[in-house]
Amino acid sequence: MMEFNDTICAPATVPGTGAITVIRVSGPEAFPIVDRLFRGRRGKVCDAPGYSILYGTIVESELEERSLDEVLVSVFRAPNSYTGEDCVEISCHASSYIAAQLLDALCRSGARMAEPGEFTRRSFVNGKMDLAQAEAVADVISSSSSAAHRIAMTQLKGGYSQELSEIRTALVELTSLLELELDFSEEEVEFADRSRLRALLVSASGKVHRLSDTFRLGNAIKSGVPVAIVGEPNTGKSTLLNALVGEERAIVSDIAGTTRDSIEASMVLDGITFRFIDTAGLRESSDWVESKGIERTLKMVGAADIVLALVDPTRSPAEAQQMLASLTARLDFSSQILLVLVNKMDLNKNVKDINNFVSSIDSYGDVVLISALSGDGLDELRSTLVRLVEERISGTSDAVLVTNARHHEALRHTAESLDTALRALDAGTPSDLVAQDLRAALHYLGTITGAVTTDEVLGEIFSRFCIGK
Ligand SMILES: Nc1nc2c(ncn2[C@@H]2O[C@H](COP(=O)(O)OP(=O)(O)OP(=O)(O)O)[C@@H](O)[C@H]2O)c(=O)[nH]1
Ligand SMILES: [Mg+2]
């Protein structure tokens, strides 16, 4: 365990809100520093066993016996604490005055204010958690939907790190097989059976690629699944956005071309955050602003995971078909889903017509009949959206989803190095060069859990935490 020689303190809760504020103190001097200010009913922190709670008062300073607050003090003895160090959590009344005075007194008694993320950083350095888990702490705290929370918790418990460590073990085995061959190269013995090497490499590379590919979905769940609402002008896109999020976010009018720029609004459905994006209607336009808006619509289509294409059944099926044909040409169906929404169903009393209309467009994707105005069919639309995302989640072979851009980057580099190694192996390249690519892959993989890190990377990661974490 690495020794930090100073003791840090910070509020672990937001001072001034709620009933209590918790001030955390961690480091080798945590117990004596708190004892300088704490007057316990049943003795000192220094004498208390780990995982115990003491009741008493906190005085204003070592020299001023006036009591500041009545507090509960939780004692954690190294290594059984969040940071792995001696750690004290002082629960005082939630008053920003008390918190500020207490922190000031702690600093005058020998502690110093913690930097952002410093508690978690110590936890990582002391081997209490790996880097991926430390980052999950930030995700758990900031998760705003149950799906995002679920992923962060899996990561926090180390499910993801387990997966990575299996890949790492396989790569280490591969590298040592190659190096074994090198050691005996003088004797011209090919120890490593190249076809076995190849099979191991293909399997490791497949795993890394699959994990890396989960980022699109993982990121969508963490920050909201992007759903683009597109269609010709006046089909009711803005009306639908407003109906889905339950407020008047976009202007609705019967003038074609009302929406010029994209408008975004988020909504949590069944624990999944969706980011609905209303867009400018698609049509040939000579208006500069409108054509800019259409350009942007096409960009939104590219970035969306789900595209809702609205069509108006009071207009001709040919018109709808044309729009859908040009839209599908732009979609990548391996990662994007198209739902065709037949809107304005309140105007369609003629069942035969509507059946004809639907059958003329249903080859483009699943069709849902709705009325954005009356709200009919919207429940079915919502449950379809939830089902589509849940199918994607359960369809990912790994229980783990990559949600962090830094990890995604590292996985991409790992996959690249593995692919290079595979090509080298196939080209009959000498083992030492193949081993070099494998070591590069191991390096990138190691940056995720923190097996390989620099101070710069750590500084970058933990500075994004807030103080007290
Ligand atoms: N009857 C009926 N009218 C609707 C429905 N949805 C939208 N409308 C009407 O259709 C017109 C156009 O609606 P908008 O929501 O502005 O259409 P849009 O697709 O956003 O249009 P642009 O922004 O111009 O591309 C408005 O007059 C709406 O009231 C519906 O389900 N039924
Ligand atoms: Mg609109």
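Note that ligands are numbered from 1 as they come in the structure, with each ligand's atoms numbered from 1 the same way.
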Heavy-atom nearest neighbour in the protein, as seen from atom 13 (O) of ligand 1, with distance rounded to 0.1 Å: Thr239 OG1, 3.5 Å
Donor on one side chain, acceptor on other, Thr83 and Ser26, under 3.5 Å: yes
Contact atoms of ligand 1, heavy-atom distance to Lys237 under 4.0 Å: 15 (O), 17 (O), 18 (P), 19 (O), 20 (O), 21 (O), 22 (P), 25 (O)
Lys/Arg N to Asp/Glu carboxylate O, Glu391 vs Arg387, below 4.0 Å: yes
Distance filter under 4.0 Å to Asp254 heavy atoms, resulting ligand 1 atoms: 27 (O)
Contact partition for Asp346 relative to ligand 1, non-hydrogen atoms under 4.0 Å: side chain
Any donor-acceptor N or O pair under 3.5 Å, side chains Asp130, Ser161: yes
Sphere of radius 2.8 Å around the Mg ion (ligand 2) - protein N, O or S atoms inside: Ser238 OG, Thr259 OG1
Whether His408 and Phe215 hold their rings parallel, tilted or perpendicular, with breakpoints at 30° and 60°: parallel
Salt bridge present between Glu115 and Arg121 (N-O < 4.0 angstrom): no
Contact atoms of ligand 1, heavy-atom distance to Ile255 under 4.0 Å: 24 (O)
Atom 21 (O) of ligand 1: nearest protein contact (heavy atom, Å): Asn234 N, 2.9 Å
Closest approach of any protein heavy atom to atom 3 (N) of ligand 1, naming residue and atom: Leu373 CD2, 3.8 Å
Arg168 side chain to Leu442 backbone, donor-acceptor under 3.5 Å: yes
Short side-chain donor-acceptor distance under 3.5 Å, Thr235 and Asp312: no
Carboxylate-amine/guanidinium contact Asp270 Arg382, below 4.0 Å: no
Within reach of ligand 1, part of Asn343 (heavy-atom separation under 4.0 Å): side chain
Basic-acidic side-chain contact under 4.0 Å: Lys128, Glu85: no
Gln322 atom CD: more than 12 heavy-atom contacts under 6.0 Å: no
Residue Gly281 vicinity, atoms of ligand 1 by number, heavy atom under 4.0 Å: 25 (O)
N or O pair under 3.5 Å between Ala372 and ligand 1: yes
Closest candidate by heavy atom, reference atom 11 (C) of ligand 1, pool Gly236, Ser253, Ala256: Ser253
Side-chain H-bond candidate by donor/acceptor type, Ser205 with Asp419, under 3.5 Å: yes
Donor-acceptor side-chain pairing of Tyr51 and Ser74 below 3.5 angstrom: no
Mode of Leu347 contact toward ligand 1 - side chain, backbone, both, neither (heavy atoms, under 4.0 Å): side chain
Closest protein heavy atom (residue, atom, distance) for atom 10 (O) of ligand 1: Lys344 NZ, 3.2 Å
Ligand 1 to Gly257 polar contact by distance, N or O atoms, under 3.5 Å: yes
Polar contact flag, side-chain donor to acceptor under 3.5 angstrom, His407-Glu135: yes
Protein residue, atom and distance nearest to atom 29 (O) of ligand 1, heavy-atom basis: Val252 CG1, 3.9 Å
